[in-house]
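Before I ask anything, let me first share the structure, which is written out below as structure tokens.
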Amino acid sequence: MKPVYLCGFMGCGKSHIGRLLSKELTAVFIDLDKYIVDNEGMTIPEIFEKKGEPYFRDTEAKYIKNFKGRTVVATGGGAILRDETAEFAREAGTVFFIDVSFDTCYSRIKNDKNRPLVVNNTKEQLIEIFNKRFPIYKKNSDYTIDGERTDKEIAKDIIDILKENGKV
């Protein structure tokens, strides 16, 4: 099995679904944001504050290339926005966009102080970011998964797609 990359807006369920999916596939689970924090020795807000968002996006692009084999990677909300990063992920494995409404995402992230984009933007600004990112997620993914269902249904859909395409 090649890596499975989960992408989507903050709060769409990438990490939660990724953990479930990795158990079902007996694969290693990697939360890219946690991986970056562990390797950079700073929290994401600290990275944004001390080195800026472009540095963080460069770091995402660098670290996403570290994963091989039977791995499920929950990418950060911005990791697959760069065409070259998305192209690498699609060539190395399979990219799934977890499609969830803004309202669902916002209800999950609105009080999260560990998300610089949430802390530094109003709800209206976050809607703009969501709307700008949505078509990029779709374009840069191999498959779009309806994320407005149970976790088990979402994981089953991903596994079924992987099986149908000989990727498991």
Side-chain angles (χ1 to χ4, degrees), residues 1-39 44 57 60-61 63-112 114-115 117-118 123 126-127 129-168:
M1 180 182 123
K2 291 184 176 181
V4 171
Y5 299 92
L6 304 178
C7 76
F9 198 67
M10 300 171 284
C12 74
K14 297 178 296 288
S15 295
H16 188 71
I17 298 301
R19 282 187 204 89
L20 178 62
L21 196 56
S22 68
K23 286 180 188 169
E24 294 289 325
L25 294 170
T26 59
V28 174
F29 172 69
I30 303 289
D31 181 309
L32 185 58
D33 285 345
K34 183 178 181 326
Y35 187 86
I36 290 169
V37 166
D38 291 346
N39 282 277
I44 294 171
R57 299 298 171 208
E60 283 179 318
Y63 286 133
I64 206 167
K65 296 177 180 175
N66 288 354
F67 314 117
K68 310 272 187 262
R70 205 167 188 84
T71 308
V72 175
V73 181
T75 67
I80 299 296
L81 296 176
R82 286 187 175 178
D83 288 344
E84 62 273 10
T85 304
E87 184 178 340
F88 169 83
R90 286 192 313 270
E91 288 175 3
T94 309
V95 181
F96 291 89
F97 165 40
I98 301 176
D99 182 6
V100 177
S101 72
F102 174 79
D103 289 337
T104 298
C105 291
Y106 188 72
S107 71
R108 296 173 180 170
I109 65 172
K110 63 185 176 188
N111 297 316
D112 191 339
N114 198 42
R115 298 179 188 267
L117 290 179
V118 174
K123 181 178 182 181
L126 289 171
I127 291 170
I129 294 168
F130 178 91
N131 289 335
K132 182 179 175 186
R133 288 181 174 190
F134 184 87
I136 301 169
Y137 291 138
K138 285 192 72 92
K139 173 182 73 106
N140 284 343
S141 298
D142 295 303
Y143 302 97
T144 298
I145 300 294
D146 176 6
E148 298 284 353
R149 297 168 304 136
T150 68
D151 300 340
K152 287 185 180 181
E153 290 171 319
I154 296 165
K156 182 184 180 315
D157 277 1
I158 292 171
I159 291 168
D160 287 348
I161 290 168
L162 292 169
K163 285 180 178 176
E164 287 167 14
N165 291 282
K167 296 184 177 189
V168 175

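One is the number of the first residue; the rest follow in order along the sequence. Atoms considered below: every heavy atom in the structure, side chains included; atoms not considered: hydrogens, waters and symmetry mates.
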(request) Take Asn66 and Ile30 through the test side chain to side chain contact (heavy atoms under 4.5 Å, CB included) and record every step on the way to the result. (result) CA-CA 11 Å; Asn66 288 354; Ile30 303 289; over 6 Å; no
(message) Are the side chains of Asp157 and Arg149 in contact, using a 4.5 Å heavy-atom criterion?
(response)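 Arg149 reaches Asp157 side chain to side chain.
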(request) Determine which pairs satisfy ring-ring contact (aromatic ring centres under 6.0 Å, His included) with at least one residue from residues 135-168, sequence neighbours left out, and list them in order. (result)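 For residues 135-168: Phe96-Tyr143, Phe97-Tyr137.
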(request) Please tell me if the side chains of Val73 and Tyr35 come closer than 4.5 Å, counting only heavy atoms from C-beta onward. (result)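 Answer no - side chains too far apart.
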(request) First locate atom SG of Cys105, then atom NZ of Lys110, and finally report the distance between them rounded to the nearest 0.5 Å. (result)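 Going from the SG atom of Cys105 to the NZ atom of Lys110 covers 13.0 Å.
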(request) Return yes if some donor-acceptor pair links the side-chain N/O of Arg70 with the main-chain N/O of Thr26 below 3.5 Å, else return no. (result)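 Yes, because the side chain of Arg70 sits within donor-acceptor range (under 3.5 Å) of the backbone of Thr26.
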(request) Kindly say whether Asn140 contributes a backbone atom to a donor-acceptor pair with the side chain of Arg90 at under 3.5 angstrom? (result)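 Looks like yes, one N/O pair under 3.5 Å.
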(message) What's the separation between atom OG1 in Thr75 and atom CG in Leu6, rounded to the nearest 0.5 Å?
(response)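 Output value for this atom pair is 7.0 Å.
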(request) Measure the CD-NZ distance between Glu91 and Lys2 for me, rounded to the nearest 0.5 Å. (result)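 It is 9.5 Å, given to the nearest 0.5 Å.
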(request) Hey, could you give me the CD1/CD1 distance between Ile64 and Ile80, rounded to the nearest 0.5 Å? (result)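 Spacing of CD1 (Ile64) from CD1 (Ile80) equals 4.0 Å.
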(request) Check whether any side-chain heavy atom of Tyr5 lies under 4.5 Å from a side-chain heavy atom of Leu32, and answer yes or no. (result)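 Heavy-atom side-chain distance check fails, nothing below 4.5 Å.
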(message) Quick test of your reading of the model: are Lys139 and Asp83 salt-bridged, counting only N-O distances below 4.0 Å?
(response)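 Result for this pair is yes, salt bridge flagged.
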(message) Let me confirm one number: the CD1-CG distance from Ile154 to Leu21, rounded to the nearest 0.5 Å.
(response)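 Reported value, rounded in 0.5 Å steps: 10.5 Å.
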(request) Describe, in one word, how the ring planes of Phe134 and Phe130 are oriented to each other, choosing from parallel (under 30°), tilted (30 to 60°) and perpendicular (over 60°). (result)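 Correct class here is tilted.
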(request) Might you work through the side chain to side chain contact (heavy atoms under 4.5 Å, CB included) test for Val28 and Phe67, ending with a clear yes or no? (result) CA-CA 10 Å; Val28 174; Phe67 314 117; over 6 Å; no
(message) Any heavy-atom pair between the side chains of Leu162 and Leu25 that's under 4.5 Å?
(response)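 Result yes, sub-4.5 Å side-chain heavy-atom pair found.
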(message) Looking at Ile98, is its backbone amide N or carbonyl O close enough to the side chain of Lys14 to form a donor-acceptor pair, meaning the two atoms are under 3.5 Å apart?
(response)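 It does not hold such a pair.
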(message) Are the side chains of Asp151 and Ile17 in contact, using a 4.5 Å heavy-atom criterion?
(response)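 A side-chain contact exists here, since the closest heavy-atom pair is under 4.5 Å.
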(request) For the residue pair Asp31 and Ser15, confirm or rule out a side-chain donor-acceptor distance under 3.5 Å. (result)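 Yes, Ser15 and Asp31 have a side-chain donor paired with an acceptor closer than 3.5 Å.
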(message) So which atom in Pro3 and which in Ala92 form the shortest heavy-atom distance, rounded to 0.1 Å?
(response)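 Closest heavy-atom pair between Pro3 and Ala92: CD-O, 3.3 Å.
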(request) Check whether any side-chain N or O of Asp142 sits under 3.5 Å from a backbone N or O of Val95 as a donor-acceptor pair, and report yes or no. (result)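 Looks like yes, one N/O pair under 3.5 Å.
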(request) Please examine the side chains of Phe9 and Ile129, heavy atoms only from C-beta on, and report whether any two atoms are closer than 4.5 Å. (result)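 Ile129 reaches Phe9 side chain to side chain.
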(message) Can you tell me which residue among Val118, Leu117, Asn111 is in a side chain to side chain contact (heavy atoms under 4.5 Å, CB included) with Arg115?
(response)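 So, applying the side chain to side chain contact (heavy atoms under 4.5 Å, CB included) to Arg115 and each of Val118, Leu117, Asn111, only Val118 qualifies.
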(message) Just to verify, what does Thr71 make a side-chain hydrogen bond (donor to acceptor under 3.5 Å, both in side chains) with, not counting sequence neighbours?
(response)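 None.
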(request) Using the test side-chain hydrogen bond (donor to acceptor under 3.5 Å, both in side chains), find all partners of Thr144 that sit at least two apart in sequence or belong to another chain. (result)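 Thr144 satisfies side-chain hydrogen bond (donor to acceptor under 3.5 Å, both in side chains) with no other residue.
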(request) Over all heavy atoms of both residues, which pair between Thr85 and Ala61 is shortest? Give the atoms and the distance, please. (result)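 Result for this residue pair: OG1-CB, 3.4 Å.
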(request) For the pair Arg57 and Glu60, find out whether any cationic side-chain nitrogen is under 4.0 Å from an anionic carboxylate oxygen. (result)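 Salt bridge: yes.
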(request) For atom NZ of Lys167, decide whether the heavy atoms of other residues, nucleotides or ligands shown that lie under 6.0 angstrom number more than 12. (result)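 Enclosed: over 12 neighbouring heavy atoms sit under 6.0 Å from NZ of Lys167.
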(request) Mind listing the closest non-hydrogen atom pair of Asn114 and Ile44 along with its distance? (result)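 Looking at all heavy atoms of both residues, the closest pair is O-CB, 4.4 Å.
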(request) Can you see which heavy atom on Cys12 is nearest to which on Val100, and at what distance? (result)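 Minimum heavy-atom contact is O-CG2, 3.5 Å.
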(message) Can you tell me how far apart NZ (Lys123) and CG (Asp103) are? Round to the nearest 0.5 Å.
(response)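 With rounding to 0.5 Å, NZ (Lys123) is 5.5 Å from CG (Asp103).
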